[in-house]
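In what follows, a single structure is set out as structure tokens and then discussed.
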Amino acid sequence: MAGHSHWANIAHKKGRIDKKRGALFGKLSRAIIVAARNGGGDPAMNLALRYALDKARKNSMPKDNIERAVKKGCGDLDGEDYQEIVYEGYGAGGVAVMAEALTENRNRTGGEIRKTFEVYGSGLGQSGCVSYMFERKGFFSIPVENITFDELFELALEAGADDVQEAGDVYEVTCSIDTFQSLNEVLETNNIETRVAELSQIPNSTVDLEIEDARKVLKLLEELEANEDIQSVTANFNIADDVMNALSEEE
């Protein structure tokens with residue numbers, strides 16, 4: 001499918017991650033704390049913690065920060081009691097949006113997210129209003145210069161991937177949650193660099209956006225992701241290459 005259909009790809013390309021590395025470390029720390037609190041401090045026995053640790057290391061989070069987060073999650077150090085909340089709503093063009101949060105103050109976070117939807121979207125909805133349009137899966141984004149499509153297709157499917165598609169300058173690989181870690185290890189073993197490697201809500205279908213709605217949707221997602229309580233954002237949109245290029249020229 002030609003175009004851009006995953007926010008993580010766009011955010012990476014626009015340099016959002018590097019610009020907000022301090023905020024990113026805070027988000028990664030929260031994920032580690034909650035994973036350790038829910039499943040214990042041994043990543044060999046706690047897949048969620050293993051995933052959170054891998055993501056932290058890939059983003060160059062300092063070792064001391066990682067160890068401190070694990071200790072907080074296990075109760076060895078004092079830490080905040082984070083709650084997991086999923087916010088659902090709609091953006092311009094009827095795009096369904098999901099934002100996953102970890103917060104110690106749900107009233108504050110809920111108010112902030114509601115205001116963001118009101119300013120940049122169509123509104124925050126009730127729980128379950130859009131989640132049925134998504135399925136939680138593993139997602140990998142791999143620059144096309146790193147490997148040919150045929151090579152990646154064969155390697156990924158043998159490792160248990162569900163699908164491999166070319167999307168502009170990257171290949172997008174999806175897999176089940178259970179397969180994510182083993183597929184990640186296969187890619188690393190074969191020295192295939194990933195631009196994005198995460199567990200994400202993948203839409204079952206997408207809405208094609210023209211430039212005005214695309215501009216509004218990207219602004220909504222950017223503002224949501226900038227909130228320190230938000231861990232991940234996803235939406236069921238597709239922006240054609242020519243529209244994306246026109247938006248990039250505006251910056």
Side-chain angles (χ1 to χ4, degrees), residues 7-87 99-109 112-113 136 138-143 146 177-178 180-201 221-234:
W7 169 243
N9 268 335
I10 296 174
H12 189 285
K13 194 168 186 178
K14 291 162 77 71
R16 304 302 185 202
I17 294 175
D18 289 336
K19 290 179 181 178
K20 299 177 180 177
R21 188 160 295 277
L24 176 62
F25 288 165
K27 294 173 186 278
L28 294 170
S29 179
R30 292 186 187 202
I32 294 170
I33 291 170
V34 172
R37 183 189 69 195
N38 292 340
D42 183 1
M45 303 296 293
N46 183 347
L47 185 59
L49 178 60
R50 185 177 177 183
Y51 166 66
L53 293 175
D54 285 348
K55 189 172 182 180
R57 294 184 184 113
K58 284 184 177 181
N59 284 280
S60 303
M61 186 173 174
K63 183 179 179 181
D64 289 347
N65 295 37
I66 293 175
E67 293 177 348
R68 186 162 54 249
V70 173
K71 289 180 179 179
K72 285 183 178 180
C74 293
D76 298 332
L77 294 174
D78 291 336
E80 301 288 351
D81 182 18
Y82 294 113
Q83 302 175 60
E84 300 176 71
I85 306 172
V86 178
Y87 297 97
E100 300 179 4
L102 293 176
T103 178
E104 77 283 7
N105 188 332
R106 64 186 302 146
N107 290 331
R108 183 204 68 225
T109 304
E112 292 173 351
I113 300 306
R136 192 164 183 79
F139 175 83
F140 298 88
S141 169
I142 300 167
N146 291 354
I177 295 175
D178 293 338
F180 174 81
Q181 199 61 46
S182 59
L183 179 53
N184 191 34
E185 291 173 357
V186 167
L187 294 174
E188 289 181 347
T189 300
N190 286 272
N191 297 315
I192 300 172
E193 182 181 350
T194 57
R195 180 179 294 176
V196 178
E198 64 181 20
L199 297 176
S200 179
Q201 297 288 354
L221 301 186
E222 185 177 335
E223 290 298 316
L224 287 172
E225 192 177 66
N227 189 298
E228 64 178 6
D229 296 330
I230 297 298
Q231 286 284 305
S232 65
V233 181
T234 191

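For this chain, numbers begin at 1 and follow the sequence in order.
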What distance separates [X] [atom1] from [Y] [atom2], expressed to the nearest 0.5 Å?
X      : Y      : atom1 : atom2 : result
Leu199 : Gln181 : CG    : CD    : 8.5 Å
Ile33  : Arg68  : CD1   : CZ    : 9.5 Å
Ile85  : Ile230 : CD1   : CD1   : 9.0 Å
Met61  : Ser29  : CE    : OG    : 4.5 Å
Phe139 : Leu183 : CZ    : CG    : 12.0 Å
Lys27  : Asp229 : NZ    : CG    : 7.5 Å

Shortest non-hydrogen contact between [X] and [Y], atoms and distance:
X      : Y      : result
Leu28  : Ala56  : CD1-CA, 3.9 Å
Asn46  : Gly40  : ND2-O, 2.9 Å
Phe25  : Pro62  : CE1-CD, 3.8 Å
Pro143 : Ser141 : CD-O, 4.1 Å
Glu100 : Val86  : CG-CG2, 4.1 Å

Using side-chain heavy atoms (C-beta onward) and a distance below 4.5 Å, is [X] in contact with [Y]?
X     : Y      : result
Glu84 : Asn38  : yes
Asp64 : Glu67  : yes
Val34 : Gln231 : no
Arg30 : Glu228 : yes
Leu53 : Val70  : yes

Please work out whether the ring planes of Phe180 and Phe140 are parallel, tilted or perpendicular, with thresholds of 30° and 60°.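 Ring orientation of Phe180 relative to Phe140: parallel.
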Ring pair (Phe, Tyr, Trp, His ring centres under 6.0 Å) partners of Tyr87, counting only residues at least two apart: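 By the ring pair (Phe, Tyr, Trp, His ring centres under 6.0 Å) rule, Tyr87 matches no residue at all.
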Salt bridge (Lys or Arg N to Asp or Glu O under 4.0 Å) partners of residues 34-43, not counting sequence neighbours, each pair once: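 The answer is Arg37-Asp81.
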Answer yes or no: is there an ion pair linking Arg50 with Glu185, defined by an N-O contact shorter than 4.0 Å?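 Glu185 and Arg50: salt-bridged.
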Passes side-chain contact (heavy atoms from CB on, under 4.5 Å), Lys63 versus Ile66? Steps please. CA-CA 5 Å; Lys63 183 179 179 181; Ile66 293 175; 5.6 Å; no
Answer yes or no: are there more than 12 heavy-atom neighbours, outside Arg136 itself, under 6.0 Å from its atom CZ?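 For Arg136, atom CZ is crowded (more than 12 foreign heavy atoms under 6.0 Å).
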Taking CD in Glu193 as the centre, count heavy atoms belonging to other residues, nucleotides or ligands within less than 6.0 Å. Is the count above 12?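 Open.
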Give a yes or no answer on whether the side chain of Thr103 reaches the backbone of Thr109 with a donor-acceptor pair at less than 3.5 Å.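 Not confirmed, Thr103 side chain does not pair with Thr109 backbone.
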